[in-house]
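These notes concern the structure reproduced below.
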Amino acid sequence: MSEITSDSGVMAALRQQMTLAAARQAVAASNLANVNTPGYRAREADFEQTLDGKLGDPLTLTNPRHLAAAEPSGPASHEAAGLAARLDGNNVQIDRELLSMTQAAGEFARAQTALAAKFRLVRYAINEAR
Amino acid sequence: MSTLGSAVRAGASALAAERMRIEVAVSNLANAESTRGPDGQPYKRRDVVLQTTTVQDFDDSLGRATAVGVEVAAVVEDQGPARRRFEPSHPDADKDGYVTLPNVDPAEEMVDMLGAARAYQANLTAIGLIRDLVQRALDLGRG
């Protein structure tokens with residue numbers, strides 16, 4: 001967690017945020033694609049959980065008989081709770097998914113702007129402040 | 001990046017599926033009065049069965065595909081009862097003067113078509129949003 005203040009730490013965090021925004025986008029796109037599939041349940045990206053997994057201190061094995069923590073491979077998703085299902089068992093709401101996509105796009109844009117500023121600083125340093 | 005690629009592919013699979021739904025609804029409407037099909041029987045209303053499918057992507061081979069697409073599993077015939085209309089002058093009327101017509105309800109087809117068109121639109125919007133994201137990512141490499 002201490003390295004978050006360093007330059008590369010900030011860049012890694014921003015990159016992670018962009019990756020997660022893209023994952024939320026993918027999950028929402030999947031939900032939208034299945035808006036007419038009978039029995040399909042809307043899914044949500046595990047945003048906070050994945051973020052904690054990426055930014056938090058990595059789990060270390062203190063005892064050889066402990067099980068190692070699973071390596072988070074790609075953002076996970078779970079079934080969205082509290083949505084009213086239609087008669088065919090499908091509970092996708094178009095407006096909700098489009099809203100989630102717009103939110104994710106905003107998140108992505110924010111991280112991208114910050115990352116671009118970081119890259120500008122690096123380029124500035126490479127060019128000897130010219 | 002490949003996440004966005006699979007998201008676009010999921011959206012594209014939905015566009016294909018919804019277009020298929022519209023095509024089927026249109027052919028149902030077109031044949032609402034067809035009393036002779038290829039088998040000599042009145043046309044039977046067709047219905048599209050949709051099912052989820054994992055998007056074929058490199059991520060999928062790695063076992064971490066996040067996007068779920070949709071595909072047309074089958075186009076099935078509606079086995080509902082056919083409509084019957086009293087029309088003794090019709091060449092396909094039976095001995096009581098009734099014509100057996102397809103089990104197509106134009107209102108139902110219109111509603112189906114409207115729903116498919118809306119879903120198509122929503123998926124097109126989604127693809128547009130993803131394209132904006134890709135564009136922004138590409139902007140990072142620009143001076």
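Remember, it's a predicted structure, so these values are computed and weren't measured experimentally. Every chain is numbered from 1, with letters handed out A, B, ... down the list of sequences.
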In this structure, are over 12 heavy atoms from other groups packed under 6.0 Å from A:Arg86 atom CZ?
yes
Near B:Arg131 CZ, under 6.0 Å, is it more than 12 heavy atoms from other residues, nucleotides or ligands?
no
How close do [X] and [Y] get, counting heavy atoms only, and between which atoms?
X	Y	value
B:Ala119	A:Val35	CB-CG1, 3.7 Å
A:Thr37	B:Gln51	CG2-CA, 3.8 Å
B:Ala7	A:Ala26	CB-CA, 3.5 Å
B:Ala14	A:Ala33	CB-CA, 3.4 Å
B:Leu133	A:Phe108	O-CE2, 3.3 Å
A:Ala29	B:Asn123	O-OD1, 4.4 Å

Identify which of A:Met18, A:Arg43, A:Glu97, A:Gln25 forms the greatest number of heavy-atom pairs closer than 4.5 Å to chain B.
A:Gln25
Would you kindly confirm whether B:Val48 and A:Val92 end up in one hydrophobic cluster when ILVMFWY residues are joined by side chain heavy atoms under 4.5 Å apart?
no
Single-linkage hydrophobic cluster, 4.5 Å side-chain cutoff, B:Val24 and B:Val49 together:
no
Quick one: do A:Thr113 and B:Arg136 satisfy side-chain contact (heavy atoms from CB on, under 4.5 Å)? Show the steps, please.
CA-CA 9 Å; A:Thr113 308; B:Arg136 287 211 71 123; 3.2 Å; yes
What's the spacing between [X] [atom1] and [Y] [atom2] if we round to 0.5 Å?
X	Y	atom1	atom2	answer
A:Asn36	B:Arg118	CG	CZ	12.5 Å
B:Leu129	A:Gln103	CG	CD	12.0 Å
B:Leu138	A:Gln112	CG	CD	9.5 Å
B:Asp132	A:Thr102	CG	OG1	10.0 Å

Any donor-acceptor pair under 3.5 Å linking the side chain of A:Asn34 with the backbone of B:Val68?
yes
A:Ile94 versus chain B, the contacting section by heavy-atom distance below 4.5 Å
side chain
